[in-house]
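Just the heavy atoms: all of them, side chains too, but no hydrogens, waters or symmetry mates, feed the values below. Sequential numbering from 1 along the given sequence is applied to the chain's residues.
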Amino acid sequence: MDDVDVRPSGIEGLGVFAARSFAEGERIRRINVVREVTPEAPIREDLGERADHCSYPDGKVVLYGAPDRYLNHSCDPTAYEVHEGNAAYLVARRHIPAGTEITCDYNINIAGGTAWPCRCGASRCRGEVVGDFFRLPARWQLEYRPLLAEWFVDRHRERIDALDREGQRGAAGRTRRCARRRLGPSGAGAGEHGCSAEDE
């Protein structure tokens, strides 16, 4: 836990903060999974266990321990989870300076969950954690598509395939618009018609 700290968060309650800087794509830590929650081994509130400290990988319910149970949601998260076998790792989505709160978007790798109000404070906050990847705006689904776990993709193959087709159509449209700008209105090459990074 030397690389992260748990302290009061401006989002809600306690949060997980970077004790050092992390580069984009760097593994921050292996997530501390205490155990699987089952009918035979339910949540023990008398021991301080809480349902909102759980995650739902591949149809299971698992209880997160400290510090990972304090990961707050953000509509513009600094990190995401990578699942490998029975393990999960927290990975930096972009550069995270020391002292920054490490957040995840709770809507990734979940469908049919419960919605609740969001107060994450991100500039693109929608005011609600919808609890369902497929209820996010299409542009967010496409943005998060590379972050989806294989088991989630397999469970929702038809919907993910449709999303991928939509992404391909959007990319083809951007390419056509970019080509038209380069050619200019007459169809001849026009050097002044550039192509922005957003269009490429």
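Residue Ala92 comes nearest to Ile28 through the heavy atom pair N-CD1, 3.8 Å, listed as atom of the first residue, atom of the second, then distance. Heavy atoms only, all atoms of each residue included: Ile31 and Leu90 are closest at CG1-N, 4.1 Å. The minimum heavy-atom distance linking His73 with Cys120 is given by the pair O-CB, 3.6 Å.
With respect to Arg93 and Asp76, a salt bridge is recorded, a charged nitrogen being found less than 4.0 Å from a carboxylate O. Between Arg27 and Glu84 there is a salt bridge, since a side-chain N of the basic residue sits under 4.0 Å from a carboxylate O of the acidic one.
Both cation-pi conditions hold for Arg124 and Trp140: the charged atom is under 6.0 angstrom from the six-membered ring centre and inside a 45 degree cone around its axis. A cation-pi contact, defined as under 6.0 Å to the ring centre and within 45° of the axis, links Arg7 to Phe17.
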* To do: Assess whether salt bridge (Lys or Arg N to Asp or Glu O under 4.0 Å) is satisfied between Arg94 and Glu26, documenting all intermediate values.
  => CA-CA 9 Å; Arg94 55 179 175 266; Glu26 182 178 356; over 6 Å; no
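The only member of Ser9, Cys75, Pro77 that meets side-chain contact (heavy atoms from CB on, under 4.5 Å) when paired with Thr103 is Pro77.
If you look at Phe152 and Phe134, their ring centroids are closer than 6.0 Å.
Between the side chains of Asn72 and Glu101, at least one donor N or O sits under 3.5 Å from an acceptor N or O. For the residue pair Tyr144 / Asp105, a side-chain donor-acceptor distance below 3.5 Å is found, with atom types taken as modelled.
No donor-acceptor pair closer than 3.5 Å links the side chain of Asn107 to the backbone N or O of Phe133.
Environment of CG in Asn86: sparse, with no more than 12 heavy atoms of neighbouring residues, nucleotides or ligands closer than 6.0 Å.
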